Amino acid sequence: VPIENEASLSGGNIQLQGRVTPAGTFANVGGTTAIAGGDLGTNKNVSITDVQFEAIASFAEGSVIELRAVITDRAGNVTNGGASTTTLTVDRVDPAVSTPNLVAGTDTGPSSTDDYTNDDTPDFDGTAEAGAFVELLEGATVRGSTTATGGGVWGPITSTSIGTGASNLTARATDAAGNVSAVSSALAVTVDQTLPSTFTTGTTATVTGTLRTGYWNSTNQSLNVTVPIANDGTLVSGTIQLQMRKSSDTDAAFTDFGS
């Protein structure tokens, strides 16, 4: 509160008043603060408690509050100050934030929704309160951050390396008022960068028509190829793709056939 350098103010006091804009009526907030001789010609800080501030009439979530000061000199003359140029919006609700989602483009492998990937810096997205600052967490480690759009969508965040193996990723949001959300529930992501074991494709045999080992004739319509599968849990839900080339063309690349 600016205090003029006027001797008559020494021994006077300051009373803060507040109201909910735009239609509220200014009313006293807290008690008076004395003006001493040393305050003349200075800006004096006047404090009120949360209880006093929240006692303003019609105070509620979403209210916009403005304050002004009333100065009384030692003779009892009163001047109402203009309202502060700073208003305060009441926001005491922690923002919402969703569990992170592994973006399909970095959820590699046959499924784009199983949260198994060979990318150790994958992308994540989700939802949160519009405009909230969102952090992607692995435990207490921040793996990336962004700001939610006006539509409440955040990401994609490209994570710093989460290494190989299983990781649990969560999200935390901080809104414009400084309210911090609880940490979201976790998304379990597995990064697997180990290639399947080396193997040799087994026998190839026709299964329809006239069967002749080592030949494909005009009566044949299908064949079976034996593929050895290692006892490796990471292969579960994986796929097998058959490829072919002419055996006489050893310099040619194998090409996919079938699905």
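Keep in mind the model is a prediction, meaning the values are calculated, not measured. Residues: numbered from 1 along the sequence shown.
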Any side-chain heavy-atom pair from [X] and [Y] closer than 4.5 angstrom?
{"X": "Asp107", "Y": "Val189", "answer": "no"}
{"X": "Pro100", "Y": "Leu136", "answer": "yes"}
{"X": "Thr79", "Y": "Asn77", "answer": "no"}
{"X": "Val93", "Y": "Asp91", "answer": "yes"}
{"X": "Thr174", "Y": "Asn179", "answer": "no"}
{"X": "Ser159", "Y": "Phe124", "answer": "yes"}
{"X": "Ile3", "Y": "Ile35", "answer": "yes"}
{"X": "Asn118", "Y": "Asp192", "answer": "no"}

Q. Going by atom types alone, do Asp123 and Thr158 pair a side-chain donor with an acceptor below 3.5 Å?
A. yes

Q.
When you compare the side chains of Thr108 and Thr117, does any donor N or O come within less than 3.5 Å of an acceptor on the partner?
A. yes

Q | All pairs passing ring-ring contact (aromatic ring centres under 6.0 Å, His included) where residues 44-98 contributes a residue, at least two apart | A | Phe53-Phe59

Q | Contact list for residues 238-258, test ring-ring contact (aromatic ring centres under 6.0 Å, His included), sequence neighbours left out | A | none

How far apart are the closest heavy atoms of [X] and [Y], and which atoms are they?
{"X": "Gly155", "Y": "Thr146", "answer": "N-CG2, 3.7 Å"}
{"X": "Ala188", "Y": "Asp115", "answer": "O-CB, 3.5 Å"}
{"X": "Ala171", "Y": "Val134", "answer": "CB-CG1, 4.4 Å"}
{"X": "Thr99", "Y": "Ser184", "answer": "CA-OG, 3.8 Å"}
{"X": "Thr106", "Y": "Pro122", "answer": "OG1-CB, 3.8 Å"}

Q) Got a salt bridge between Arg74 and Glu6, using NZ or NE/NH1/NH2 to carboxylate O under 4.0 Å? A) no

(Q) Going by side-chain hydrogen bond (donor to acceptor under 3.5 Å, both in side chains), name the pairs with one or both residues in residues 17-38, residues two or more places apart or in two chains. (A) Gln17-Asn28, Gln17-Arg68, Arg19-Glu66

Q: Examine distances only and state if a side-chain atom of Thr72 and a backbone atom of Gly76 form a donor-acceptor pair shorter than 3.5 Å.
A: no

Q. Is there a donor-acceptor pair under 3.5 Å between the side chain of Asn220 and the backbone N or O of Thr210?
A. yes

**Q.** Thr170 side, atom OG1; Leu137 side, atom CG - distance, nearest 0.5 Å
**A.** 4.0 Å

Q | Nearest-0.5 Å distance that lies between atom CG in Asn45 and atom CG in Asp39 | A | 10.5 Å

